[in-house]
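Only one structure is covered here, and it is reproduced in the block below.
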Amino acid sequence: MNAHESALLEDLNPPQREAVLHIGGPLLVLSGAGSGKTRVITRRVAYLVKVHEVFPWRILAVTFTNKAAREMRERLVQLLGRQANDLVVSTFHSAAAMILRREAEHVGLTRSFVIYDDGDQLNVVKRAMREAGLEQSMQPRDILSRIDQEKNAARLPEDMEVEPGDERGMLVRKVYHAYQERLRAANAVDFGDLLLLLVSLFRKRPEVLENYRRRFHHVLVDEFQDTNPVQYALLKQLAPPPSANLVVVGDDDQSIYRWRGADVDNILNFPRQYPGAKVVKLEQNYRSDRNILDAAYEVIRKNTRRMDKKLWSDRPAGQTLQLMLNRDERMEAQEVARQILALQREGFIKFSSMAVFYRVNAQSRVLEEGLRLARVPYTLVSGRSFYDRAEVRDASAYLRLMVNPRSDADLLRIINTPARGIGDTTVERVTDYANTQAKSLYEVLSEPERVPALNSTAVKRLRTFHGLLKSLHDFAQGTTDAASAVDEMLRETKLVETLVAEGSDESNTRAENLREFLGAAQEFDLNRAAAAVAAASQPREEVPPEVDAAPLSADTPPLQAFLEQISLVGDADAEVGEGRVALMTLHAAKGLEFDAVFLTGLEDGVFPHSRALKGEDPDNGEEMAEERRLCYVGFTRARKRLFVSLAQCRSLFGELRYNPPSRFLRDVPPALFGISEQDVPEPPRAVATPPRKRTWDDDDGPRIDRSYSQASDMESVSGDVRGMRVRHEQFGVGRIVATDGTGPNAKVTVEFGGAVGLKRVIARFLMPG
DNA sequence: TTATAGAATTTTTTT
DNA sequence: AATTCTATAA
């Protein structure tokens, strides 16, 4: 055993060692929460490089989130120094984007393709539907989510299976088809395409796949329980069964992305897919005190269909969990802030090792306010808020057009931003003409006089606009860094200028955001320059002639690389925040750990989310199982202190709701909270007049679940109401034709007759008539 | 064409 | 509650 080897195996337990040392063939590491899996992955990579002398560029390590990828990279830099530069460590999506860019020509794209986000996607769907005259048929959003599902399942439009009588399915397929055509015409892809197009390219052109197989001899996947079928298909292509060196690490109890197509069966069936795979279980938890671990176990054990395992720990029992009962969400925020300050003062826990979790983003606002009032420093860890601001998205749209003028979605976004007198009618005429000619909008704009029915002012304005885009495009061709492109774009488009001229507080903040955007580009350029220097100064190993060992993103032009970072990475890593409490959703919390964790909104309807609550057997459904796993993830983030908080009433989405305590709380034995049975909070009783103050054990008669009710004449749709006569404030009297959904937002389609015709309205707004 | 007001609609979680 | 859509006036 040489020095490297012993250093790398230092303080690993026997199964961890086994996982690091395994060589030759597939390996499944089942790693419970806090069992040191990141350590295992990084040590293993280092071991391959240092002891087995595997070239770093032969190793591909993928994760799901940017945060995880970055963290893994950092640790590998610590272990391997500059050798770590040649490793490919990234998320599925950015690895796929890099490969797809190199192979773009094979799939009908050019290297400068742009990546559409869900807003762009929705616009494309809407336009495709309008073009095909299918507007009334289905909600664009529903169609889009069906399309995404298909993509997650690795199915192109032609692979979609539709039952003969399934009209909606046929419709989805039709729109999916048109949607794909539009994306290709715009030289654009969506998130799903990044993976799907690559998988189908590899299917069609084995020789292209072969290049990557020859290169990547070692593939590692973190959070494998969250892979969806496309991702798994890609893995199987790159590291084919039965004998490839594929290492997958995951925990079926932490699978929380089913809604994105993730399939827990991928991990459960891995040994069948890769017969002979070695299986290692990591069951010792090093993170949480035992009270926390026990509570987490009591929650997760309610799930059937899980690999049987129980984490153990030789850590002390530690403090009990703490239950926080609050009157409403404001008090919850205030109490959280108070406890945080107390912990910092008396518990000697740093702000930076505390976190507040919530189920839905909408909860963050009040929590922020509470922390701000109490002067608790915090950072909101929200995926990509900065790049989601309207003005920043406008700026990105211009940048994308600079790189890829064919991108119709981007062009439509900014054609009249800032206002340049090109209105809806003109735009409609231009798009109609573009559709009939099968040309991109940019192309049509180069000869606007050909568009029928345009007046001369419109033609002139379009020509000016085209001139602007053209000169920006030309500028981008010659530029060598992102910042100068952004700078040029901001100047030429007068985006900042117009905002400043407006003079309102709001427009000033927006202008400020655009300056910050320029700052982000400058920072990007600096990082890139530094990386280039590091790569150049590095001695290159012998590379066999038939293998392409270049970094995957080797010759992506800077502006394009910057745009890719915006699309795929967001600004999550902007400020991790030294000395600040972290605020995030439970999903964002996966993979992290903190000394003290506050889990808020433990109420049925909030967490578990109301959508998991409905259905036949809400306690057994897959959705509820996923909520439960989410709860498990939340609990197991905590090292020493876990605070669980709920509010008796909370206004969420504009309505006041009285939610019963979360069912997950009932699963935790009261002793773990340091309380006895009789102090367990009861579900609150119904309240007729909301603002009245009351305590938890007030009792006033029969329990009515008011959580969903709203004052109205038809507050819910129940039974068959078709044919019923109804009156609408605006549309008058009509008859119900069809219903959609139940509860407060149930919709019905009503035939109003006369000029009004069919309308879909919320049942709440109708009166029997 | 633009600005504005009022109405409708929306909301889980993220790459 | 906040955002997005639609109708109407300017």
Side-chain angles (χ1 to χ4, degrees), chain A residues 62-69 90-97 115-119 121-123 126 139 141 145 148 151-152 189-195 223 226-228 230-231 255-262 329 357-366 381-385 388 390 416 418-427 455 457-458 461 502 564-570 572 584-590 601 605-613 623 626-627 629-631 633-634 650-656 728-731 741 744-745 747 759-762 764-765:
Chain A
V62 282
T63 63
F64 279 81
T65 63
N66 298 297
K67 225 179 302 164
S90 75
T91 63
F92 268 103
H93 286 85
S94 56
I115 301 169
Y116 280 1
D117 64 21
D118 35 337
Q121 284 182 283
L122 195 62
N123 287 329
K126 282 181 186 162
Q139 290 287 302
R141 209 166 267 288
S145 80
D148 276 334
K151 292 192 172 190
N152 287 334
V189 300
D190 61 19
F191 283 110
D193 279 344
L194 290 172
L195 304 161
E223 310 281 9
D226 285 326
T227 43
N228 62 31
V230 219
Q231 290 162 332
S255 169
I256 55 175
Y257 284 104
R258 200 182 78 97
W259 52 275
R260 221 170 63 188
E329 76 278 8
F357 300 155
Y358 39 84
R359 176 64 179 84
V360 297
N361 282 307
Q363 288 170 258
S364 72
R365 191 174 274 276
V366 184
V381 184
S382 71
R384 38 173 310 117
S385 53
D388 277 340
N416 205 27
R420 51 171 70 88
I422 302 176
D424 293 346
T425 21
T426 307
V427 171
N455 59 36
T457 34
R461 285 166 176 167
E502 206 178 301
E564 189 150 309
Q565 193 188 73
I566 292 174
S567 307
L568 298 177
V569 182
M584 66 188 90
T585 64
L586 281 158
H587 283 84
K590 194 172 65 157
V606 177
F607 188 33
H609 192 271
S610 53
R611 286 180 71 131
L613 236 36
E623 294 211 54
E626 180 138 320
E627 297 287 317
R629 293 191 289 265
L630 202 50
C631 185
V633 168
R650 131 175 359 247
S651 68
L652 202 58
F653 307 136
E655 62 176 331
L656 190 64
H728 186 267
E729 281 271 298
Q730 195 188 336
F731 302 131
N745 289 328
K747 287 178 196 136
K759 289 274 178 195
R760 258 178 109 241
V761 291
I762 293 194
R764 205 147 36 85
F765 298 128

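Chain letters run A, B, ... following the sequence lines, proteins first, then strands; residues in each count from 1.
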Phosphate OP1/OP2 of B:dT14: any A:Thr585 side-chain N/O under 4.0 Å: yes
OP1 or OP2 of B:dT2 under 4.0 Å from side-chain N/O of A:Asn416: yes
Test salt bridge (charged side-chain N to carboxylate O under 4.0 Å, His left out) applied to A:Asp226 - qualifying residues, sequence neighbours left out: A:Lys590
Phosphate-side-chain proximity, A:Thr425 and B:dT1, N/O vs OP1/OP2 below 4.0 Å: yes
Partners passing salt bridge (charged side-chain N to carboxylate O under 4.0 Å, His left out) against A:Glu627 (at least two apart in sequence or in another chain): A:Arg359
Aromatic-base stack, A:Phe64 on B:dT15, cutoff 5.5 Å, angle under 30: no
Listed partners of A:Tyr358 passing ring pair (Phe, Tyr, Trp, His ring centres under 6.0 Å), at least two apart: none
Residues forming a side chain to side chain contact (heavy atoms under 4.5 Å, CB included) with A:Val360, sequence neighbours excluded: A:Ala362, A:Gln363, A:His609
Touch class at under 4.0 angstrom, heavy-atom based, for A:Tyr257 against every strand present: sugar-phosphate
Of A:Glu627 and A:Thr426, the one whose closest DNA chain B nucleotide lies more 5': A:Thr426
Atom pairs under 3.5 Å: protein N/O with N/O of nucleotides 2-5 of chain C:
| residue | atom | partner | partner atom | Å |
| --- | --- | --- | --- | --- |
| C:dC5 | OP1 | A:Lys126 | NZ | 3.4 |

Results of ring pair (Phe, Tyr, Trp, His ring centres under 6.0 Å) for A:Tyr116 - residues two or more places apart only: none
B:dT11 phosphate, OP1 or OP2, under 4.0 Å from A:Arg141 side-chain N/O: yes
Atom C1', compared across C:dT4 and B:dT13: separation rounded to whole Å: 22 Å
Residue-phosphate contact under 4.0 Å: A:Thr65 side-chain N/O, B:dT15 OP1/OP2: no
N or O in side chain of A:Gln231 less than 4.0 angstrom from B:dT15 OP1/OP2: no
Note, A:Tyr257 side chain near A:His587 side chain (heavy atom, < 4.5 Å): yes
Phosphate OP1/OP2 of B:dT13: any A:Asn361 side-chain N/O under 4.0 Å: yes
Non-hydrogen side-chain atoms of A:Leu568 and A:Phe191 separated by less than 4.5 Å: yes
